[in-house]
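These notes concern the structure reproduced below.
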Amino acid sequence: MNVAAPFEGIGASVRRKEDYRFLQGRGAYTDDFNRQGQLHAWILRSPHAHARIRSVDTTAAAGMPGVVAVFTGADMARDNIGGLPCGWQIHNKDGSPMAEPPHPVIAHDKVRHVGDQVAVAIAATREQARDAAEAIVVDYDVLPAAATIDAAVKPGAPAVHDDVAGNLCYDWHIGDKAVMEAAFAQAAKVVSLDLVNNRLIPNAMEPRAAMGEFDRTSGDYTLHTTSQNPHVIRLLMGANVLHIPESKLRVVAPDVGGGFGSKIYHYAEEAIVTWAAGKLGKPVKWVADRTESFMSDAHGRDHVSNAQLALDANGKILALKVHTYANMGAYLSTFAPCVPTYLYATLLAGTYSTPVIYCEVKAIFTNTVPVDAYRGAGRPEATFLLERLMDVAAQETGIDRVELRRRNFIPNDAFPYQTPVALQYDSGNYTATLDQALVAADWAGFEARRAEAAGRGKLRGIGCSTYVEACGIAPSAVVGSLGARAGLYEVGTIRVHPTGSVTVLTGSHSHGQGHETTFAQLVADKLGVPTAQVDIVHGDTAKVPFGMGTYGSRSLAVGGSAMMKAMDKIIAKGKRIAAHLMEASVDDIEFERGTFRVAGTDRTKALVDISVAAYVPHNYPIDEIEPGLEETAFYDPKNFTYPGGCHIAEVEICQETGKVSMVNFTAVDDVGRVINPMIVEGQVQGGIAQGIGQALLETCVYDADGQLLSGSMMDYTMPRADDLAPISVATHTTLCTHNPLGVKGCGEVGAIGSPPAVINAVVDALRDFNVRTLDMPATPAKMWQIINGGRRQAAE
Amino acid sequence: MYDFAYHKPTSVADAVKLLADPDAKAVSGGHTLLPALKHRLNKPTALVDLSGIAEMTGIKRVGNAIVIGALTRHAEVANSAEVKAAIPALAYMASHIGDLQVRNRGTIGGSVANNDPAADYPSAVVALGATIHTSKRKIAADDFFLGMFTTALEADEILTAVEFPIVDKAGYAKMRNPASRYVMAGVFVAKAGGTVRVAVVGAAPCVFRQAEMEAALTSNWSADAVAGIKQDADGLNGDIHGSAEYRAHLVGVMAKRAIVAAG
Ligand SMILES: Cc1cc2nc3c(=O)[nH]c(=O)nc-3n(C[C@H](O)[C@H](O)[C@H](O)COP(=O)(O)OP(=O)(O)OC[C@H]3O[C@@H](n4cnc5c(N)ncnc54)[C@H](O)[C@@H]3O)c2cc1C
């Protein structure tokens with residue numbers, strides 16, 4: 001019997017191929033790789049937020065059992081090891097470059113945050129290395145710390161870097177200030193809001209790990225590392241830190257257990273183990289424990305802003321003015337400077353046709369862990385600011401909050417739409433996603449639910465946010481002009497094997513996204529090869545020609561597009577071979593899902609016939625075409641992609657304890673063409689879980705001395721399943737107009753759209769308490785303070 | 001963790017001998033001690049694993065009391081038909097400690113001996129007026145918990161069982177710390193004849209009795225009786241999760257809920 005194969009192409013919810021190995025514990029993560037004679041590194045970290053290092057005495061440590069070496073910053077300096085590079089240069093208002101103080105791999109003059117690397121002990125076992133690290137004697141001259149933005153910008157604040165005045169990394173702006181001021185002068189109403197975007201600690205399930213190896217025969221180095229972009233690490237570490245040519249350095253990022261941005265960056269430990277492996281001639285492994293993750297993985301967000309909206313008498317937005325302080329932490333992490341500028345201020349138009357926008361951003365050094373991109377990166381900060389501001393504006397103008405948004409939406413016929421902050425949106429339909437979400441969430445029926453909840457003593461609220469984000473980063477020339485020190489194309493190779501199975505080499509990196517499935521579906525759709533016969537290879541610089549990696553929801557839009565381009569080349573070559581085999585003209589050959597056909601005839605050749613001919617070229621146009629069927633394409637996007645949508649949150653607050661419970665969450669997202677609806681739903685749900693985490697639970701807290709108070713799971717509230725609500729995810733598609741797939745990206749929308757929806761819902765629940773400013777997270781204690789304070793006021 | 005010797009005695013007497021070394025430490029479920037060892041916060045010379053001591057296991061009814069062996073896991077107390085019938089509030093409390101994995105490892109002896117200010121058990125021990133059985137003596141609940149992580153136990157003294165009198169009514173309610181899910185404020189109320197005991201955990205450095213509530217409930221066993229009583233915030237814990245004032249407020253809320261639960 002001939003059973004039709006299930007459709008696995010674009011639009012099918014194919015089950016995730018990779019999950020079979022993950023669910024059976026057969027994944028291979030960095031720590032799963034072990035080598036004969038491997039040594040273990042333990043990093044000694046600073047207990048102080050800010051201190052001068054008077055001396056580091058490693059004598060006792062070096063003599064301890066199992067210890068092979070103890071290295072300090074001085075040892076690295078002696079080997080001429082460079083500092084950790086920053087991949088993006090921002091320029092100040094006056095055109096001068098940002099302050100870019102050195103970021104030593106191991107601190108030698110000063111330590112600048114709790115967790116800063118001070119020395120590394122290397123021994124036969126991890127416990128021996130740790131014992132030795134504890135025996136290192138460091139003489140610190142403890143200095144006052146600048147632990148928060150407020151503390152760091154105060155006159156007379158401690159200088160995190162001796163030669164960076166006022167701890168100011170850069171003072172940047174976008175837009176025309178005079179035009180903005182003129183627009184504000186015309187306003188019928190100005191709404192002003194102070195906002196804090198809380199600092200988050202990413203906490204990927206797999207802690208960071210790195211293993212360096214050195215082959216004495218070939219002189220080759222290999223680094224296994226928990227990275228979202230192994231080629232970028234090879235480039236940065238090889239060229240800037242260790243001075244190893246790419247041809248002698250292989251970077252492997254095998255299975256990686258979540259990244260959320262925190263594994264984009266080049267970290268000190270990667271350089272330490274690679275360098276030490278060369279020095280010692282033995283593999284050296286380092287694996288973070290959770291405590292180290294808290295104090296050494298790049299953190300996210302941490303903005304302090306004032307936003308002002310100028311409106312006319314009808315509630316039309318005339319102008320937006322934003323001032324933001326962005327915390328960089330102690331050093332510039334790899335992409336830190338671009339997050340509060342080109343990934344944030346450029347998103348301040350949101351879904352609205354705001355004609356004038358001016359934003360200034362001061363990036364500040366503090367004695368804290370470096371801050372960099374974290375799921376959404378800049379766009380959640382912009383969305384939170386705008387969508388809170390819209391709700392406050394609605395309250396203060398008396399215009400319904402949904403209506404106010406509608407009135408200001410970019411109309412459907414305005415695409416492509418040029419915003420006043422550099423970006424040009426290619427497509428979107430914000431009214432449609434709003435309407436669909438309002439229906440799905442039964443917005444109209446909310447007041448009845450609120451009344452019912454009141455009968456149970458609960459305060460119920462509903463809130464919405466509409467958002468647009470920019471992903472699929474990005475046209476290389478554009479980002480280059482904005483200060484990126486890299487191109488942001490992607491690379492894909494399609495290797496059709498002689499018997500017709502396919503290997504795809506992609507520069508994208510999957511660390512939870514399901515690429516092995518989604519990417520295989522692209523091949524199934526286009527070449528007609530079943531997904532079971534398509535293997536996606538990623539994460540190894542020795543296998544994949546090049547790549548820029550996975551972040552900013554770029555994998556499908558950029559990496560997928562590179563694959564499409566490479567498949568076009570395969571088809572073009574296949575047509576020539578097919579024309580030869582079927583004795584027809586190339587122009588007459590059509591191709592659809594695995595079949596080459598002479599147009600208008602029943603003469604066909606399957607892809608496998610072509611691949612056999614290509615690798616066994618007995619009957620082959622050998623003078624015209626090379627044998628083999630393998631093509632590589634570099635795809636440089638023409639624009640960002642612009643997912644958008646509407647999120648609606650519904651919450652209940654217990655008046656007695658202040659606990660906020662999520663009762664419902666509705667998302668309608670426009671992510672462009674959907675390749676695998678199940679994976680999109682999972683990605684959106686995961687993002688929303690993180691967004692709810694930011695809104696209700698998570699926050700990184702330093703005390704005035706720069707000690708990390710939320711330094712473990714005992715004090716940092718990661719969202720758990722029962723903190724969430726039923727999350728309904730739907731899509732409404734407008735296609736991206738400039739990439740071959742029409743895709744936009746879905747990895748970050750959840751984390752971008754959800755926090756303001758949740759906070760708007762909480763503020764709505766607190767209607768009777770006149771809440772205007774509400775910083776995240778909305779913890780029970782904070783809610784109780786508002787409710788209790790409100791009662792006290794009422795009683796007076 | 002640092003190196004240590006490991007012993008697994010099979011009798012209380014042998015365990016006590018091994019604990020004569022002042023730097024040796026007893027371990028039961030290990031759910032408090034092992035994380036501390038992994039973080040290198042503790043450097044015992046030896047671990048004396050109590051889990052092989054048969055005389056410290058089991059739940060039995062003795063007269064008008066339930067006696068629970070120190071090695072009894074939280075899940076066993078939660079699921080015990082004996083406990084559910086005699087002191088349902090105690091089973092309920094045990095069923096809400098930590099999560100499933102914690103309840104399947106953590107023991108009553110470890111929890112009570114540890115006296116974590118944010119632990120649940122001390123509230124039940126104090127409110128029910130339990131008696132602590134040790135390798136040396138019997139200690140009344142009111143004399144046992146001395147302060148944060150401090151009890152009347154001596155270094156070589158092993159907690160062997162906890163004896164809970166069966167009371168007329170008892171109830172427990174707590175607010176969890178959002179991050180750790182340990183207790184932020186928990187109140188256990190119990191009524192035995194004309195005596196009411198109210199014990200508070202989570203809110204202060206050590207479990208304490210709420211005398212004002214006890215007096216009010218003695219004359220009027222109802223949630224209304226405690227409604228007007230304001231817990232003093234002085235001396236309560238305040239941290240990034242909530243101020244002392246918030247915890248004081250929660251004590252009032254949880255007391256009402258506990259009374260309603262007790263019926
Ligand atoms: C993730 C997590 C969540 C948790 N959540 C909660 C919670 O919500 N509420 C709560 O109450 N607890 C909670 N706990 C603690 C848990 O209940 C512990 O198991 C318990 O507090 C200690 O019991 P144990 O048997 O594990 O003790 P161990 O860790 O073995 O020992 C703890 C201490 O008591 C001593 N000790 C152990 N047994 C005896 C004995 N018989 N005599 C004398 N000394 C002894 C040990 O030397 C040690 O100092 C949690 C633990 C974890 C890991």
Side-chain angles (χ1 to χ4, degrees), chain A residues 42 65-66 125-128 130-131 133-135 198 201 203 289-292 294 457 654-661 693 696-703 707-723 777-789 791-792, chain B residues 1-4 31-32 35-41 43 96 98-102 116-119 173-187 202-203 223 226-227 230 233 236-258 260:
Chain A
W42 187 269
T125 71
R126 193 159 175 253
E127 290 297 316
Q128 286 172 331
R130 190 171 182 178
D131 288 342
E134 284 179 8
N198 45 327
I201 304 178
N203 272 310
D289 69 9
R290 185 60 64 182
T291 306
E292 288 184 281
F294 272 92
C654 169
Q655 302 201 53
E656 287 184 324
T657 62
K659 185 175 160 58
V660 181
S661 302
L696 297 181
L697 307 164
E698 299 178 49
T699 196
C700 169
V701 185
Y702 281 98
D703 72 7
Q707 291 296 326
L708 183 55
L709 298 184
S710 55
S712 80
M713 296 295 182
M714 294 295 280
D715 286 303
Y716 187 84
T717 314
M718 289 295 285
R720 293 161 163 94
D722 66 357
D723 290 317
T779 60
K782 203 181 280 175
M783 293 300 99
W784 172 74
Q785 220 163 4
I786 291 169
I787 294 168
N788 193 46
R791 287 237 172 77
R792 217 177 288 140
Chain B
M1 47 181 89
Y2 299 105
D3 277 349
F4 51 79
H31 257 39
T32 291
L37 295 184
K38 285 186 183 170
H39 281 105
R40 299 191 161 204
L41 298 171
K43 199 176 180 175
H96 283 71
D99 54 30
L100 193 66
Q101 290 84 347
V102 170
D116 186 323
K174 68 173 166 179
M175 175 78 176
R176 288 167 181 261
N177 175 312
S180 71
R181 299 254 173 127
Y182 274 71
V183 187
M184 187 120 109
V187 177
V226 299
K230 274 191 83 81
L236 297 198
N237 299 333
D239 57 23
I240 62 173
H241 305 288
S243 61
E245 290 69 31
Y246 178 57
R247 283 183 166 81
H249 163 76
L250 287 178
V251 169
V253 175
M254 295 307 141
K256 280 190 277 179
R257 291 185 182 179
V260 171

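So you know, we letter chains A, B, ... as the sequences are listed, proteins then strands, and number each from 1.
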Using a 4.5 angstrom heavy-atom cutoff, name the option from B:Val253, B:Asp239, B:Asp3 with the most pairs to chain A.
B:Val253
Counting heavy-atom pairs closer than 4.5 Å to chain A, which one of B:Arg181, B:Met184, B:Lys38 comes out on top?
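Top count of heavy-atom pairs under 4.5 Å with chain A: B:Arg181.
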Measuring only between side-chain heavy atoms, which start at C-beta, is [X] closer than 4.5 Å to [Y]?
X	Y	answer
A:Ile201	A:Ser710	yes
B:Leu37	B:Phe4	yes
B:Val183	B:Met254	no
A:Asp715	B:Ile240	yes
B:His241	B:Tyr246	no

Contacting moiety of [X], where chain B heavy atoms sit under 4.5 Å:
X	value
A:Asp703	neither
A:Thr779	neither
A:Met713	backbone

Of the listed residues (A:Glu134, A:Glu698, A:Lys782), which shares the most heavy-atom pairs with chain B below a 4.5 Å separation?
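Looking at each of A:Glu134, A:Glu698, A:Lys782 in turn, A:Glu134 comes out on top.
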Contact class of [X] relative to chain A, heavy atoms under 4.5 angstrom:
X	result
B:Asn177	side chain
B:Lys256	side chain
B:Arg257	side chain

Taking A:Arg720 first and then B:Asp99, would you say they form a salt bridge - that is, a charged N and a carboxylate O separated by under 4.0 Å?
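Answer for the salt bridge query: no.
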Under 4.0 Å between a side-chain nitrogen and a carboxylate oxygen: does that hold for A:Glu127 and B:Arg40?
yes
